[in-house]
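Structure first, commentary second.
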Amino acid sequence: MSYQAEYSNAIENPEGFWAEKAADLPWYAPPQQILSTDDNGIYRWFADGEMNTAYMALDHHVESGRGDQDAVIYDSPVSGSKRKLTYRELRDEVAKFAGVLKAQGVTKGDRVVIYMPMVPEALIAMLGVARLGAIHSVVFGGFAPHELAVRIDDAEPKVVVSASCGLEVAKVIEYKPMLDQAIEQSAHKPQACIILQRPEAKAELTEGRDIDWVEAMAQAEPADCVPVKGTDPLYILYTSGTTGKPKGVVRDNGGHAVALKYSMKAIYNMQPGDVFWAASDVGWVVGHSYIVYGPLLAGCTTIVYEGKPVRTPDAGAFWRVVQEYKAKALFAAPTAFRAIKKEDPEASLLANYDISSLQTIFMAGERLDPPTYDWTVGKTGKPVVDHWWQTETGWAICGNLMGIEPKTPKAGSSTLPVPGFNVQILGVDGQELPPGEQGSIALKLPLPPSCLPTIWGDFERFRTGYLSDFPGYYTSGDGGYKDEEGYVFIMGRTDDVINVAGHRLSTGEMEEIVAAHPAVAECAVIGVNDPLKGQAPIGLVLLKDGAEVEESQLQSELVAMVRKEIGPIACFQRAIIVQRLPKTRSGKILRKLLRQIADGQSYTVPSTIDDPASLSEIESIMDSHGLVQRNG
Ligand SMILES: CCC(=O)SCCNC(=O)CCNC(=O)[C@H](O)C(C)(C)COP(=O)(O)OP(=O)(O)OC[C@H]1O[C@@H](n2cnc3c(N)ncnc32)[C@H](O)[C@@H]1OP(=O)(O)O
């Protein structure tokens, strides 16, 4: 089948196309209703199908003879441990953990928050929740207590699952005190917390609320899979929006399973039994889709890696893991390869390893810049596939379909739309733009299976945030263009969301934190180009009249505040004092112009500017602080 035939089939006959893909999964009752609309008027997939995602990902494989195959390989250079679980072992652990949750009263539709490091128990917890037809919400371990509290209040979990600690390079991060602080801050109180004690730190358990993972598992009765409808939620995953309140992206069980199973073959060219490695974290959508559900639904072996691309112990870490487990596909964010390139520019450590099992390197999570693309292709000799997707979709919108018809790649492009996604570049008037012209990237409805049907508890936010800019389309929030051959080039966000080391963050939220400093009258936080992390946030701060504070003192206080409220992953390290911020006559800060100045790009002064002199003024302050990049 050619790419074109597959793509046209999915767009022209979506119900037939996805009915066929759904038939590739073991439903309890196969869906008769393939595409329908819900009470909000949103397209939904497989509404009347009956299924259980954990059954499809585990029990089904054991029943069909895959029980002795490795399901999960855990490799943790930071703790010095390795462990393998077969499909049978994983199924049994998951059934027992589902029993632990059931004993706490967790039933279908209940929420369970999971705040865990990269250990197999994180997957066991996720799949255990899915087994009961409950809804998990995994919170990335790099988030601070405040972020966890916001998510606890929104998801209102019956139970929280966590660990005593996470392990970063040469440091132990105690999770349990952060969980305690979060629960103290949140209005909603979970009735129980299940805590995995790790040898590197022992957590104090709160009497009457906290339960020891090992003790609970020892007493647990395995629980059976609970059937759910295709449209019942499997998980909520929070992602940054333009304000401080994250958006709870809701993922259906049915569409998710169908899309991920399809993607494992079509995009990643994986067969049952192959080893797939997504070097991400279960706290991100890449981790949900391609550390946990995609590989397991497809009968592959997945690698859970608790380490970094560098410093664990060196920049050969990725090549070592590929060699040791014969990984066929490696999926990571471009920032990981920039980190390797920085420490080992000639990739000389690669010569120590045999990476012949590796067929393709996949990258996503942020824009893949052409120098990183060229370096990775040049040094590894492997095809590199840049693919573009979002937490909201759960899988790739554009990519190079390695299992259908690999296309000639173009550096800077995520190749072509994936079957099911009708990708269009729209101008401000909603009209499709010709090749080469940059505009908003919009997806014509219906979206294919797995894409979000709502924001948890806030349909209106979903409607206004995604569906109201261009009627009949989903607005991605990313801008870009297509070339004459239809290749899609993603150029970056059109809103105030930034991407730091593959972590999607809100500058609006950082502004709220910075503005809370007693000396700050007003501020703008912008994302500027960063050679390692892709983007980095910087704060431009206007002091209150009479406020007396040294710039360096203010900077360290603001850095500490952002770190405390959001977490270390915000990488907020620079803040400078300015005399005024460039604004329109109606008082809107010209953030895009500030970004262009910092990135050394040419810019057009808008006719609506209040005072054009404010631009040269701010440029000279930013320049004097080394915050203006000189290109070329
Ligand atoms: C396609 C849809 C999507 O976009 S899904 C999102 C995909 N994104 C990803 O997979 C993320 C890719 N990025 C990474 O894996 C890391 O950033 C890599 C490249 C490995 C670099 O790691 P690192 O050197 O730690 O830098 P960083 O910027 O990530 O971390 C900054 C500070 O945060 C800390 N941190 C990080 N992770 C955790 C964690 N799980 N728990 C606790 N702390 C964490 C780091 O230690 C670092 O702290 P510090 O500032 O040094 O004190």
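Both counts, for ligands and for their atoms, begin at 1 and track the order of listing.
The presence of a protein heavy atom under 4.0 Å from atom 21 (C) of ligand 1 is ruled out. Protein non-hydrogen atoms do reach within 4.0 Å of atom 50 (O) of ligand 1.
For the residues Gly141, Ala144, Gly365, Ser280, the heavy atom positioned nearest atom 9 (C) of ligand 1 is part of Ser280. Here atom 26 (O) of ligand 1 lies nearest to Lys533 when heavy atoms of Gln390, Arg338, Lys533 are compared. Closest heavy-atom approach to atom 16 (C) of ligand 1 among the candidates Glu392, Arg504, His503: His503. The option with the heavy atom closest to atom 2 (C) of ligand 1, from among Ile173, Leu532, Val285, Ile291, is Val285. When Glu168, Gln573, Arg563 are checked for heavy-atom proximity to atom 52 (O) of ligand 1, Arg563 turns out nearest. Taking only non-hydrogen atoms, the option from Gly502, Ala501, Ala333 nearest to atom 13 (N) of ligand 1 is Ala501.
Taking the centre of each ring, Phe143 and Tyr115 stay at or above the 6.0 Å mark. Aromatic pair Tyr235/His288: centroids less than 6.0 angstrom apart. Tyr290 has its ring centre no less than 6.0 Å from the ring centre of Trp395. The aromatic ring centres of Trp277 and Tyr305 sit less than 6.0 Å apart.
What you find for Gly283 and Leu237 is that their closest heavy atoms are O-CD1, 3.6 Å. The heavy-atom pair separating Trp45 from Leu447 by the smallest distance is NE1-O, 3.0 Å. Of all heavy-atom pairs spanning Ile513 and Met561, the tightest one is O-CE, 3.3 Å. Smallest separation of non-hydrogen atoms from Met402 and Pro406: O-CG, 3.8 Å. Scanning both residues, His625 and Ile576, for their nearest heavy atoms gives CD2-CG2, 3.2 Å.
Using the six-membered ring where Trp is involved, Phe140 and His503 have ring planes that are tilted, between 30° and 60° apart.
With hydrogens left out, the protein atom closest to atom 30 (O) of ligand 1 is Ile569 CG2, 4.1 Å, a heavy atom. Distance from atom 5 (S) of ligand 1 to its nearest protein heavy atom, with residue and atom name: Val286 CG2, 3.4 Å. In terms of protein heavy-atom proximity, atom 15 (O) of ligand 1 is closest to Ala279 O, 4.5 Å. Residue, atom and distance of the protein heavy atom nearest to atom 47 (C) of ligand 1 are Pro568 CB, 4.3 Å. Here the protein heavy atom with the shortest distance to atom 25 (O) of ligand 1 is Lys308 NZ, 2.6 Å.
Atoms of ligand 1 lying under 4.0 Å from any heavy atom of Cys571, numbered from 1 in the order shown and given with element: 28 (O), 31 (C). In the vicinity of Thr335, heavy-atom distances shorter than 4.0 Å reach the ligand 1 atoms 13 (N), 19 (C). Each of the atoms 1 (C) of ligand 1 lies under 4.0 Å from some heavy atom of Trp389. In summary, the atoms of ligand 1 found under 4.0 Å from a heavy atom of Arg311, numbered by their order in the structure, are 24 (O). Near Phe140, with a cut-off below 4.0 Å to any heavy atom, the atoms of ligand 1 are 37 (N), 38 (C), 40 (N). Distances below 4.0 Å separate heavy atoms of Pro309 from the following atoms of ligand 1: 20 (C). The ligand atoms of ligand 1 that sit less than 4.0 angstrom from a heavy atom of Tyr175 are 40 (N), 41 (N).
The shortest N or O to N or O distance between Lys171 and ligand 1 is under 3.5 Å.
Using a 4.5 Å cut-off on side-chain heavy atoms (C-beta onward), Ile291 and Val304 make contact.
Of the candidates Thr302, Thr301, Leu260, Leu296 forms a side chain to side chain contact (heavy atoms under 4.5 Å, CB included) with just one, namely Thr302.
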Verify side chain to side chain contact (heavy atoms under 4.5 Å, CB included) between Cys300 and Met264, making sure each step is shown before the conclusion. CA-CA 9 Å; Cys300 296; Met264 287 302 291; 4.1 Å; yes

